[in-house]
Amino acid sequence: MRQGQDRDDKVLKLLRASPDLFISGQSISNRLGISRTAVWKHVMALRNMGYSIAGSAGKGYRLTPGRDTPFNAVEIRSRLSTEFMGRKVYLYKSLGSTNIKAKELAGKGVPEGTAVIADSQTGGKGRLGRGWFSPAGVNLYTSVVLRPRLDPPKCQGITLMAAVACAEAASKWLPKKPTVKWPNDILIGPKKAAGILMEMDAEADRVNHIILGIGFNLNMTHDMLPKDLRGTAASIMEKTGRTVDRAEFACALYSRLEKWYKVFVNEGIAPVLSAWKGYFDMEGRPIRVNSFEGVVSGICAGVDTEGALLIRTASGRVHRVISGDVEIVRH
Ligand code: BTN
């Protein structure tokens, strides 16, 4: 990190606060407690990142809102209003997997809430050993480091809380709220727009860290998809016709994650489940579940108080599934 890079975002924040006005170098210098030369250096650094900043000798600096906001760590920090989620953010052009990088950072002791973002992933990981299609320039691929002081089995609820955070964040961009497919896929209509992969490093009675990975399809178009995903993957832009600003979306997501993570840690799973059920529309529908116990088909009977899926089979027996893959059976 360049020396003073952590202040680029503060200069950007001040410029963005008055988009149509020039703000003098002296005023920025007074507000940030830095010299006018330092202000100029930050402005130059921001211009090098792609920001269009007009400068006038007598008036100061003015940010000209561009069509494409740069997608970088400075942009994210300048928009973020969280206490710890995403406060420390590492953004890479390309990674194998943000989960792997976040795990490496967690091992080095980074603080809770540290986030990793990649513009693209070459080995994006999905649940159950699958991959996650991660082309450049369009979507959000992020992983955050969590360190809950909870018993490891309780932490399963973190995927549900993340699903609530994703659904809530996406609702701001969608005409109609998305739905969740148990346990944690976010759907727009019948197609999947986001997935969550939680990986835990724990001992018998304590969690060392959790890596919460989220992939959200924001601006990906149908023609970018490999053939096998064409019938099943969706993006927000495809639904609305409008481009989603990725930095703005990341900040909205981190803010919802912080809110729901605090709820989960302080109050337990009940309030999280109740919010999650507001996005869940599978109850009463015919489903097929593939779990380590085998395949069970029946009618979805909702979820229990721990978030396990309930399926009523033709014999009337209710099966409880804690982990698996669900398919909604369409006739
Ligand atoms: C799923 O199968 O539904 C989970 C997909 C999770 C994908 C995200 S993208 C960011 C993070 N890094 C990864 O390698 N995987 C997760």
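When a ligand or atom number is given, it counts from 1 through the structure's own listing order.
Proximity of T142 to ligand 1, defined as any heavy-atom pair under 4.0 Å, is confined to the backbone N, CA, C and O atoms. Using a 4.0 Å cut-off between heavy atoms, Q121 contacts ligand 1 through its side chain alone, with no backbone atom that close. For I196, every heavy-atom contact with ligand 1 shorter than 4.0 Å involves the backbone, none the side chain. When non-hydrogen atoms are compared, ligand 1 lies under 4.0 Å from neither the backbone nor the side chain of I100.
Here the heavy atom of the protein found nearest to atom 11 (C) of ligand 1 is T98 OG1, 3.2 Å. In terms of protein heavy atoms, atom 3 (O) of ligand 1 is closest to K192 NZ, 2.6 Å. Counting only heavy atoms of the protein, atom 5 (C) of ligand 1 lies nearest to W132 CE3, 3.4 Å. Among protein heavy atoms, the minimum distance from atom 8 (C) of ligand 1 is reached at G215 N, 3.5 Å.
Electrostatic pairing of R77 and D8 does not count as a salt bridge here, judged by no charged N lying under 4.0 Å from a carboxylate O. Between E168 and K259 a salt bridge is recorded (basic side-chain N to carboxylate O distance below 4.0 Å).
Results of the side-chain contact (heavy atoms from CB on, under 4.5 Å) test with W276 over I269, N184, L160 single out L160 as the only residue that passes.
Comparing K181, K125, R127, M198 by heavy-atom distance to atom 7 (C) of ligand 1, the nearest is K125.
Set against the non-hydrogen atoms of G124, the atoms of ligand 1 under 4.0 Å away are 14 (O).
For E238 (side chain) and H222 (main-chain N/O), a donor-acceptor pair under 3.5 Å exists by modelled atom type. When atom types are taken as modelled, the side chain of N219 and the backbone of V244 share a donor-acceptor pair closer than 3.5 angstrom.
Ring orientation note: the planes of W173 and F249 are tilted relative to one another, at an angle of 30° to 60°.
Contact record, L218 with N139: N-OD1, 2.9 Å, taken as the closest heavy-atom pair.
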